[in-house]
Amino acid sequence: QVQLVESGGGLVRAGGSMRLSCAASGRTFSTYAMGWFRQAPGKEREFVAAIGGSGGNVDYLDSVKDRFTISRDNTRNTVLLQMNSLKPEDTAVYYCAADPTRYYYGTAYAKDYYYWGQGTQVTVSS
């Protein structure tokens, strides 16, 4: 069982930055892929970024590719999402997720992730 707890959300003006953190329980954190997803009101949950167990393979949603950075610190069981140049359309609840079946990379499909955090609200004002 893996428990995930997100933090770092809030309100920011367009063009600003925010860093989300996800703390994971368990001693095998470094062995599985992690992902970030988001869900805006009235919309489907969408993939944002993913990272492999070693941190070497990352993937991003095209619209955030040059603005967001996913990273992980396996010594602290933490995955981070640094978000820069935020836009109002980035407003959503952001979720971190764990896929213990994959190590080298994380997929863009929510169905592949077994464990989910409770989510943290990110609101970007125009």
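The closest side-chain heavy-atom distance from Leu20 to Leu80 is not below 4.5 Å. Side-chain contact between Tyr60 and Asp62 is absent, with no heavy atoms from C-beta onward closer than 4.5 Å. Side-chain contact between Asp99 and Met34: absent, with no pair of heavy atoms (C-beta onward) separated by less than 4.5 Å. Within the 4.5 Å cutoff, the side chain of Val79 has heavy atoms near those of the Ile70 side chain. Counting heavy atoms from C-beta outward, Phe37 and Tyr113 have side chains that approach closer than 4.5 Å. Looking at heavy atoms from C-beta onward, Tyr105 lies out of side-chain contact with Asp59 at the 4.5 angstrom threshold. Looking only at side-chain heavy atoms (C-beta outward), Met18 and Phe68 stay at 4.5 Å or farther from each other. Contact of the Tyr94 side chain with the Val48 side chain is registered, since non-hydrogen atoms from C-beta on lie closer than 4.5 Å.
Residues passing the side-chain contact (heavy atoms from CB on, under 4.5 Å) test with Val93, sequence neighbours excluded: Tyr95, Gln121.
No donor-acceptor pair under 3.5 Å is formed between the side chain of Ser85 and the backbone N or O of Gly15. Under a 3.5 Å cut-off, the side chain of Asn57 and the backbone N or O of Gly52 do not form any donor-acceptor pair. A donor-acceptor distance shorter than 3.5 angstrom exists from the side chain of Thr120 to the backbone of Gly9, with no hydrogens or angles considered. The backbone N or O of Gly53 sits less than 3.5 Å from a side-chain atom of Asn74, completing a donor-acceptor pair.
Dense packing is recorded around CD of Gln118, with more than 12 heavy atoms of other residues, nucleotides or ligands lying under 6.0 Å away.
In this structure, CZ in Arg72 is found 7.0 Å from OG in Ser30, a value given to the nearest 0.5 Å.
Checked by atom type, the side-chain pair Asp73/Thr78 shows no donor-acceptor distance below 3.5 Å.
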Go through the steps for Ser125 and Leu11 under the test side chain to side chain contact (heavy atoms under 4.5 Å, CB included), then give the verdict. CA-CA 7 Å; Ser125 63; Leu11 174 66; 4.3 Å; yes
Worked verdict on Gln3 versus Val5 for side chain to side chain contact (heavy atoms under 4.5 Å, CB included): CA-CA 7 Å; Gln3 292 185 325; Val5 179; 5.6 Å; no
Would you please test Arg38 and Glu46 for side chain to side chain contact (heavy atoms under 4.5 Å, CB included) and show each step? CA-CA 5 Å; Arg38 66 186 182 187; Glu46 71 173 349; 2.7 Å; yes
Under the criterion side chain to side chain contact (heavy atoms under 4.5 Å, CB included), I'd like the reasoning laid out for Gln82 against Ser71: C-alpha separation, chi angles, the key distance, then a yes or no. CA-CA 8 Å; Gln82 178 66 43; Ser71 62; over 6 Å; no
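Here Lys87 does not pair with Asp90 in a salt bridge; the nearest charged N to carboxylate O distance is not below 4.0 Å.
Sorted by first then second residue, the salt bridge (Lys or Arg N to Asp or Glu O under 4.0 Å) pairs that include residues 2-20, not counting sequence neighbours, number zero.
Note: the hydrophobic cluster containing Trp36 also contains Leu61 (ILVMFWY, side chain heavy atoms under 4.5 Å, direct or indirect links). Tyr103 and Val58 are not part of a single hydrophobic cluster, where members link through side-chain heavy atoms under 4.5 Å apart. The hydrophobic clustering, which links ILVMFWY residues whose side-chain heavy atoms are closer than 4.5 Å, places Tyr109 and Phe47 apart.
When all heavy atoms of Tyr32 and Ala98 are compared, the closest pair comes out as CE1-CB, 3.7 Å. The two residues Gly106 and Ala33 make their nearest non-hydrogen contact at CA-CB, 3.6 Å. Residue Ala110 comes nearest to Trp116 through the heavy atom pair O-CZ2, 3.5 Å, listed as atom of the first residue, atom of the second, then distance. The two residues Ala40 and Ala92 come nearest to each other via the heavy atoms N-CB, 3.8 Å. The two atoms that bring Asn84 and Ser17 nearest to each other are OD1-OG, 2.9 Å, heavy atoms only.
Geometric assessment of Arg76 against the ring of Phe29 yields a negative cation-pi assignment under the 6.0 Å and 45° thresholds.
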